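Worth knowing before you read on, the calculation uses all heavy atoms, side chains too, and leaves out hydrogens, waters and symmetry mates. Remember, it's 1-based here, ligands and their atoms both numbered in the order they're listed. Everything quoted here is computed from the prediction, not taken from an experiment.
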Amino acid sequence: MDDRADALRSLPSVDRLARAVARAEVEAARERILRGNGAAPAFDELVDGARERAQPSLRRVINATGVVVHTNLGRAPLAPAARAAVHGAAAGYANLELDLAAGTRGSRHDHVEALLCELTGAEAAIAVNNCAAATLLAVAALAGPVDPAAPPEVVVSRGQLIEIGGAFRIPDVVAQAGARLVEVGTTNRTRLDDYRAAIGPATAAILRAHPSNFRTVGFVAAVEIEELTGLGVPVIDDVGSGVLADDLALLADEPPVRRSVKAGAALVAFSGDKLLGGPQAGLLVGRREAIDACRRHPLARAVRIDKLSLAALEATLRLYRDPEHAVREIPVLAMLTADPGELERRAREIAQAVGGRVVTAAGRVGGGALPLLELSGPVVALDAGERGPDALAAALRAADPPVLARIRDDAVLLDPRTVAPDETSALVAAVKGSFTPSVQ
Ligand SMILES: *Cc1c(COP(=O)(O)O)cnc(C)c1O
């Protein structure tokens, strides 16, 4: 009884609640009128505007697209251990840059360096903000100019002058780092001799970039990492998606980090939130002196990782110590290897609840990884009827929480692979709500 009384007392007054969301909306309308931009908005419009303001802009959404590493939806959901680590680091202070034993200043890089070395076989490691930053830092640290009149050269195959997305292009990265790009080979074929012929006194590094989001097929040839590292020039290997679970057959078409380290690459760069399944981060592992050069470079400070990401990264990496456990606990890996029978059961459950049909469709890995891999599986098809699939998909996006689906032909598809089991009831409620037009 007392609990209820307390709860009732802690409710805000109608007036306070209304003020909190309505003041800014009315103020904005006043300004528009004073600037001469039209008449007063209708009451309903103001209510809708106030509702919108009451919602945070960045929100949890339900990913029913079947695209596992969906960049627009924040890439990798975190494992329970990583979520707990973020919570711990966010709730109070942390020994981010403190050596607890000595009580003196420490380095934020120390929290994951040993783990990264243990998992990849590298001598040294550093984590930064994302893989784009890691690649830029790697090139700047190994090939940044000492004398601007004589920029060091970075050799890149013409088959690897790639664009990752968001205007992140390898030729621009090399230019930004202050180095001079030397292109070798052709779009489809580059041989070891092409590299050999390009190497000279000004060569600072060879940069290899994995064509993450496309594949060339047919009359093609590229040089393996083991051959490149035999040329006597430091090799920077940007492998992109970051496969640490290299015994998973499904991921066999992406370059494993350990292989590049073993081959002797000076620096291997990869993402924290693609196939690694952790937070946004860029990892660099490799030779001690190359990592030290990265740590000393002024860009390292500009692209440093924050404590929340670092907490999530450490917890995610720890899971990889037991690979079988990692596949179960890391959501990206669990979704990629989901049991077909279990997916079928969940698809039926959703279909029955919302009145959809179970059909087979192909999902994708996404996030610029394994572009050819189709994750075929059972999905729920919703017949959009008169209003069409675009309107139904829009209604699902307007639900709370928003649901993201994909459209095939005239149906809206819901893929259980990327929907967490504890999201199923919210998904069902959103679909039911979007079929019954709400009375305003
Ligand atoms: C995705 C990718 C990047 C960029 O990684 P972010 O973590 O998104 O910054 C760089 N290089 C390659 C080869 C990639 O696939």
Pairwise, report which nitrogen or oxygen atoms of ligand 1 are under 3.5 angstrom from protein nitrogen or oxygen atoms, and how far apart they are.
unit_1: ligand 1; atom_1: 5 (O); unit_2: Ser271; atom_2: OG; d: 3.2
unit_1: ligand 1; atom_1: 7 (O); unit_2: Cys131; atom_2: N; d: 3.0
unit_1: ligand 1; atom_1: 7 (O); unit_2: Ser271; atom_2: OG; d: 2.4
unit_1: ligand 1; atom_1: 8 (O); unit_2: Arg75; atom_2: NH1; d: 2.9
unit_1: ligand 1; atom_1: 8 (O); unit_2: Arg75; atom_2: NH2; d: 3.0
unit_1: ligand 1; atom_1: 9 (O); unit_2: Cys131; atom_2: N; d: 3.2
unit_1: ligand 1; atom_1: 9 (O); unit_2: Ala132; atom_2: N; d: 2.9
unit_1: ligand 1; atom_1: 11 (N); unit_2: Asp238; atom_2: OD1; d: 3.1
unit_1: ligand 1; atom_1: 11 (N); unit_2: Asp238; atom_2: OD2; d: 2.6
unit_1: ligand 1; atom_1: 15 (O); unit_2: Ser212; atom_2: OG; d: 2.5
unit_1: ligand 1; atom_1: 15 (O); unit_2: Lys274; atom_2: NZ; d: 2.8

Would Glu226 and Lys262 pass as an ion pair if we require N to O under 4.0 Å? no

Would Asp415 and Thr418 satisfy side chain to side chain donor-acceptor pair (under 3.5 Å), going step by step from the backbone distance to the final call? CA-CA 6 Å; Asp415 195 325; Thr418 48; 5.3 Å; no

So, Glu224 and Arg259, do they make that salt bridge, N to O below 4.0 Å? yes

Salt bridge between Arg346 and Glu349, side-chain N to carboxylate O under 4.0 Å? no

Counting heavy atoms not belonging to Arg357, are there more than 12 under 6.0 Å from its CZ? no

How many angstroms lie between atom CD1 of Ile162 and atom CZ of Phe214, to the nearest 0.5 angstrom? 6.0 Å

